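Notes follow the structure.
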Amino acid sequence: MSQKEHIILAIESSCDDTSAAILKNESILSNLIAGQDIHRLYGGVVPELASRAHLQNILPVVDAAIEKAGVQLSDIDAVAFTKGPGLLGSLVVGTSFAKSLSLALNIPLIDVNHMYGHVLAHFIDDDEEEMKCSDWVLTDGPIKKKKPKFPFICLTVSGGHTQVVLVKSHLDMEIIGATKDDAAGEAFDKAAKMLGFEYPGGPSVDKHAKDGDPLKFKFTRPKVGGYDFSFSGLKTGILYFLQKEVKANPNFIKENLNDLCASIQFTIVDILIRQLKTVTKDLGIKEVAIAGGVSANSGLRKALQETGANKGWNVYIPRFEYCTDNAAMIAITGKFMYEKGLFADQTVTAAARVPFAR
Ligand code: KG4
Ligand code: ZN
């Protein structure tokens, strides 16, 4: 099989989603995700429950991904998996499964950094579904989504991370800004919890924000240096504000839910976009991407498009299914590592924290 034709099975199990994907060259043949509703009852991910659910889900999810892709086990050239960062008990399940499969099939094993996966999701070949969008270009073959050109800036915003990444090539990236405390997704989820939404509340805030006034309530922006972020002050600010208002009117949240969601979302998005403006100006880079679960947020997607149009940036926004955790992004990262022969051996272990630079 030539270097251009390879099939990679990828496994992602860093948090509370068990996902398996099959990638052929740069096209995704299948990308299946088993979520874990159990955590909703507890207001956050319970690590022990997450690893148990991964154990139950991993075999059926991998089987289904292989079946949906229409490939045989013997067609698979390599198995990629998320080594970290993430919840150790969750990562161990995917790592052990991938190691066993690699041993049984005698194929290379590729240990992927989850955060690289979020960024490199932009390099997945997409189908023609959304071809009317201006981000899609005609190539020699089918219509394809444009991919970022190096160097580009990627704002990776998820439940666990908020990073400004300078992406110099597929496997050469540098974090030039990060959160000092809570991640942007955490800010959404914690605010959502205060408003009475189930975990993870980010999508609920997004939904209600659509019918609210983003300028109704003002929350203070953090003062942090460089390209860093801070969201813990905002969280406390929202808490004190709600406590005060609810004391005066117990129905305050119910009566103002949409406006509260819109104002909170507007503030978080504004904090993110302001830093992006500073970074791109300082570095003179006009290729700007977003990634991670919070890149599914409609306010952020819209603000990036508007700011991009205003500043002359080329902006790159992932398809919804590649924003939150998924194995397709691990597969595409695995592909770039496969081409460079960057393989792990059977001594590899899962790690809750992994160095960012390769
Ligand atoms: O990348 P991800 O799936 O998992 C991590 O690696 O953390 O991100 C999950 C985060 C959660 O905090 C969730 O609330 C947030 O992404 N999220 C959203 C939206 N969709 C997911 N936040 C705001 N608006 C959304 N539409
Ligand atoms: Zn993630």
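Everything numeric here is computed off the predicted structure, so don't read it as measured data. Both ligands and their constituent atoms are indexed starting at 1 by order of listing.
- In terms of protein heavy-atom proximity, atom 4 (O) of ligand 1 is closest to D325 OD2, 3.1 Å.
- Nearest non-hydrogen protein atom to atom 12 (O) of ligand 1 is D189 OD2, 2.6 Å.
- Near H118, with a cut-off below 4.0 Å to any heavy atom, the atoms of ligand 1 are 1 (O), 6 (O).
- With ligand atoms numbered from 1 in the order given, ligand 1 contributes 20 (N), 26 (N) to contacts under 4.0 Å with heavy atoms of A296.
- Shown in contact with G185 at under 4.0 Å from a heavy atom are these atoms of ligand 1, numbered in order with element: 12 (O).
- Ranked by closest heavy atom to atom 9 (C) of ligand 1, the top entry among G44, G159, S298, G86 is G159.
- Of all atoms in ligand 1, numbered sequentially from 1 with element shown, those under 4.0 Å from a heavy atom of G293 are 1 (O), 2 (P), 8 (O), 16 (O), 17 (N), 18 (C), 19 (C), 20 (N), 21 (C).
- Each of the atoms 7 (O) of ligand 1 lies under 4.0 Å from some heavy atom of G160.
- Neither side chain, Q36 nor D16, offers a donor N or O lying under 3.5 Å from an acceptor on the other.
- Linking Ile, Leu, Val, Met, Phe, Trp and Tyr whenever their side-chain heavy atoms come within less than 4.5 Å leaves L49 and V61 in two separate clusters.
- Listed by number with element, the atoms of ligand 1 under 4.0 Å from a non-hydrogen atom of S158 are 1 (O), 5 (C), 6 (O), 7 (O), 8 (O).
- You'll find the side chain of C323 reaches within 4.5 Å of the side chain of P318, heavy atoms only.
- In terms of modelled atom types and a separation under 3.5 Å, the side chain of D189 and the main chain of G201 share a donor-acceptor contact.
- Around NZ of K210, the count of heavy atoms belonging to other residues, nucleotides or ligands within 6.0 Å exceeds 12.
- Looking at E26 and K147, a side-chain N of the basic residue comes within less than 4.0 Å of a carboxylate O on the acidic one, giving a salt bridge.
- When all heavy atoms of D77 and P108 are compared, the pair lying nearest together is O-CD, 3.1 Å.
- Using a 4.0 Å cutoff on heavy atoms, Q265 does not count as a contact of ligand 1.
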**Q.** Trace of the ring pair (Phe, Tyr, Trp, His ring centres under 6.0 Å) decision for F356 with Y116
**A.** CA-CA 8 Å; F356 191 78; Y116 273 49; 5.0 Å; yes
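- Note on ring orientation: taking the six-membered ring where Trp is involved, the planes of Y316 and H122 are perpendicular (angle over 60°, cut-offs 30° and 60°).
- Proximity of F336 to L342: side-chain heavy atoms (C-beta onward) are nowhere separated by under 4.5 Å.
- The closest approach between any non-hydrogen atom of C15 and ligand 1 is not below 4.0 Å.
- Inside a sphere of radius 2.8 Å centred on the Zn ion (ligand 2), the protein N/O/S atoms present are H114 NE2, H118 NE2, D325 OD1.
- Close approach of ligand 1 to H114 is summarised as follows: ligand atoms under 4.0 Å from at least one heavy atom of the residue are 6 (O).
- Checking side-chain atoms of S19 against main-chain N and O of A327 turns up a donor-acceptor pair under 3.5 Å.
- For H161, the closest heavy-atom approach to ligand 1 does not fall below 4.0 Å.
- Nearest protein neighbour of atom 26 (N) of ligand 1, counting heavy atoms only, is D206 OD2, 2.9 Å.
- Inter-residue side-chain proximity for M329 and V112 is flagged as unmet; no heavy-atom pair is nearer than 4.5 Å.
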Q: Please step through side-chain hydrogen bond (donor to acceptor under 3.5 Å, both in side chains) for the pair Q265 and N297, ending with a clear verdict.
A: CA-CA 9 Å; Q265 177 169 300; N297 181 266; 3.0 Å; yes
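- Between the choices L300, I268, N297, N326, the shortest heavy-atom distance to atom 24 (N) of ligand 1 belongs to N297.
- Here atom 22 (N) of ligand 1 lies nearest to G202 when heavy atoms of A187, G202, P200, P85 are compared.
- Here the side chains of W313 and K277 are in contact, with some heavy-atom distance below 4.5 Å.
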